[in-house]
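Below: the structure, in structure tokens.
These figures come from a predicted structure and were not determined experimentally. Atoms considered below: every heavy atom in the structure, side chains included; atoms not considered: hydrogens, waters and symmetry mates.
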Amino acid sequence: MENVTRTNRQSRPALNVGFILANRFTLSAFASFIDVLRLSADEGDSSRPILCSWSVIAPDMEPIRASCGVRIHPDTNLIDPAHFDYLVVVGGLIDHIERLDRRYVEYLKSAVANDVPLIGLCTGSFILHRAGLMNGYKCCVSWFHRTDFLEQFDGLEPVSDRIFVVDRDRISCSGGTSAVHVAAHLVERHVGLRQARKSLHILMVDEAQDDSKAQPFLPTSLKAKDNLVQRAVLMMQQETENLRSIEQLCKMLGVGRRSLEMKFKSDLGKSPAEALSHIRVEEAKRLLGETEGTITDVAIRSGFFDASHFNKVFQKHTGLTASAYRNSLTA
């Protein structure tokens with residue numbers, strides 16, 4: 001009996017992942033995650049689920065529609081969650097995330113009771129929060145959905161400057177190509193570094209990124225290379241209207257002011273305050289060109305205290321007053 005048990009244990013995949021797909025889920029995030037598992041599971045690209053296995057689970061066997069219209073057929077019903085090493089909830093369109101079947105919610109709660117870690121992919125973190133399964137956990141969301149999160153979960157502050165967050169038995173991911181790095185993180189942990197690297201090489205991803213990696217920038221002329229500076233710049237862009245001091249930024253990043261200033265000077269040749277002023281002027285230029293708001297409205301939305309201060313800073317950066325700049329766009 002002992003030999004049989006050992007053989008069965010050895011024959012099981014080192015990593016077994018179950019996927020719950022929300023209605024109108026994001027196909028790219030799901031496919032990216034699956035491909036890392038597929039390429040890590042076998043030699044070459046034979047795709048046999050030897051070292052890793054994966055299943056799409058659902059209360060019934062009806063196809064599930066992605067946001068792009070493609071339909072995925074489930075592999076199995078809601079089997080014992082203890083069968084899986086992780087359950088991944090793949091979110092999608094914001095307008096559809098409240099419609100998660102109640103049977104899924106009860107299943108996820110059962111998984112938690114069985115100590116199965118949960119992963120929120122893309123807006124899957126919204127679904128987990130709404131089900132009450134992220135209370136007390138850090139939650140990563142894309143900068144693109146940060147405002148949606150703040151509107152839906154009043155008083156909760158998401159992590160939107162990193163590609164994913166690991167907090168004990170919860171992992172949340174900003175979506176898109178960051179799904180590749182979450183999957184590689186799991187493969188490295190359960191299967192091995194060699195298999196994780198192999199899958200990334202085949203997918204033409206330069207290297208695995210850990211949960212400290214900054215999310216990709218919003219468009220800006222500030223081209224930071226240092227990861228901490230990248231995170232700081234992204235946070236400045238996200239909090240342009242609300243960020244009132246560099247001390248506040250340091251607290252949000254969990255770093256000292258002197259350390260942050262040294263990083264900025266080395267990477268961008270600017271202080272954090274100078275970079276913030278630069279970003280606010282960039283945002284003001286965008287608002288002047290794309291909206292019909294008054295100069296005062298543009299000043300406030302760009303994070304300036306009043307129109308007078310705004311005009312002084314704007315003219316220093318551009319050589320024009322805000323009104324003259326707006327007129328030049330239509331000349």
Side-chain angles (χ1 to χ4, degrees), residues 138-151 155-165 172 174-176 178 209-291 293 295-318 322 325:
K138 294 178 181 178
C139 180
C140 178
V141 300
S142 165
W143 62 263
F144 186 76
H145 291 302
R146 175 181 171 79
T147 301
D148 297 309
F149 187 94
L150 292 172
E151 289 175 352
L156 296 176
E157 184 64 36
V159 176
S160 51
D161 63 326
R162 287 184 278 166
I163 58 173
F164 68 94
V165 168
S172 48
S174 56
S178 60
Q209 305 289 352
D210 62 22
D211 60 350
S212 68
K213 178 64 178 175
Q215 288 186 26
F217 271 27
L218 292 162
T220 177
S221 59
L222 296 179
K223 305 301 181 184
K225 298 181 178 64
D226 180 86
N227 191 57
L228 177 61
V229 178
Q230 288 178 348
R231 289 175 55 202
V233 168
L234 183 60
M235 197 163 285
M236 287 175 179
Q237 292 176 300
Q238 294 169 351
E239 298 291 340
T240 304
E241 187 174 347
N242 302 314
L243 192 60
R244 291 303 171 207
S245 68
I246 300 304
E247 285 78 9
Q248 180 187 353
L249 176 66
C250 291
K251 185 176 181 180
M252 294 165 71
L253 291 167
V255 298
R257 177 162 185 159
R258 179 171 174 77
S259 175
L260 188 65
E261 288 180 340
M262 290 175 63
K263 290 275 190 180
F264 265 78
K265 281 291 185 182
S266 174
D267 195 8
L268 295 177
K270 297 177 181 290
S271 69
E274 289 170 334
L276 179 57
S277 180
H278 181 96
I279 286 169
R280 283 178 169 157
V281 169
E282 285 191 328
E283 175 63 6
K285 289 166 71 175
R286 185 188 70 81
L287 292 171
L288 289 167
E290 296 179 7
T291 74
I295 299 302
T296 299
D297 289 336
V298 170
I300 298 297
R301 289 180 62 183
S302 304
F304 293 93
F305 290 104
D306 54 52
S308 176
H309 177 234
F310 165 56
N311 262 316
K312 289 178 182 177
V313 176
F314 191 89
Q315 191 164 10
K316 179 181 177 181
H317 279 262
T318 66
Y325 176 82

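Rounded to the nearest 0.5 Å, atoms CZ (F264) and NZ (K270) are 11.0 Å apart. L228 contributes atom CG, which lies 9.5 Å from atom CG of D267 (distance to the nearest 0.5 angstrom). To the nearest 0.5 angstrom, M262 atom CE is 14.5 Å from S271 atom OG. Interatomic distance, Y325 OH to T318 OG1, rounded to the nearest 0.5 Å: 8.0 Å. Taking CZ of R301 as the start and OG1 of T291 as the end, the distance is 5.5 Å to the nearest 0.5 Å.
Here the side chains of L268 and E274 are not in contact, with every heavy-atom distance at 4.5 Å or above. Residues P272 and E261 form a side-chain contact, since some pair of their non-hydrogen atoms from C-beta on lies under 4.5 Å apart. S302 places a side-chain heavy atom less than 4.5 Å from the side chain of L287. Side-chain atoms of V281 and F310, non-hydrogen and from C-beta on, never get closer than 4.5 Å to each other. You'll find the side chain of L276 reaches within 4.5 Å of the side chain of R280, heavy atoms only. In this structure, Q237 and V233 have side chains that are in contact, with non-hydrogen atoms separated by less than 4.5 Å. Side-chain contact between F314 and K285 is present, with at least one heavy-atom pair separated by less than 4.5 Å.
Summarising the geometry of I300 relative to F305, their closest heavy-atom pair is CD1-O, 3.8 Å, with the distance given to 0.1 Å. The minimum heavy-atom distance between L260 and A232, with the atom names listed, is CD1-CB, 4.2 Å. Residue T296 comes nearest to A307 through the heavy atom pair OG1-CB, 3.8 Å, listed as atom of the first residue, atom of the second, then distance. The two residues I295 and A322 make their nearest non-hydrogen contact at CD1-CB, 3.8 Å.
For K138, the NZ atom is loosely surrounded, since the number of other residues' heavy atoms within 6.0 Å does not exceed 12.
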Side-chain donor-acceptor pairs under 3.5 Å in residues 243-256, sequence neighbours left out?
| residue | atom | partner | partner atom | Å |
| --- | --- | --- | --- | --- |
| R244 | NH1 | G303 | O | 3.0 |
| R244 | NH2 | E241 | O | 3.2 |
| S245 | OG | Q248 | N | 3.0 |
| E247 | OE1 | R257 | NH1 | 3.2 |
| E247 | OE2 | R257 | NH1 | 2.4 |
| Q248 | OE1 | R244 | N | 2.8 |

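Partners of S178 according to the side chain to side chain contact (heavy atoms under 4.5 Å, CB included) rule, which considers only residues two or more places apart in sequence or in another chain, are I163, C173, S174.
In summary, K263 and D226 engage in a salt bridge, as defined by a charged side-chain N under 4.0 Å from a carboxylate O.
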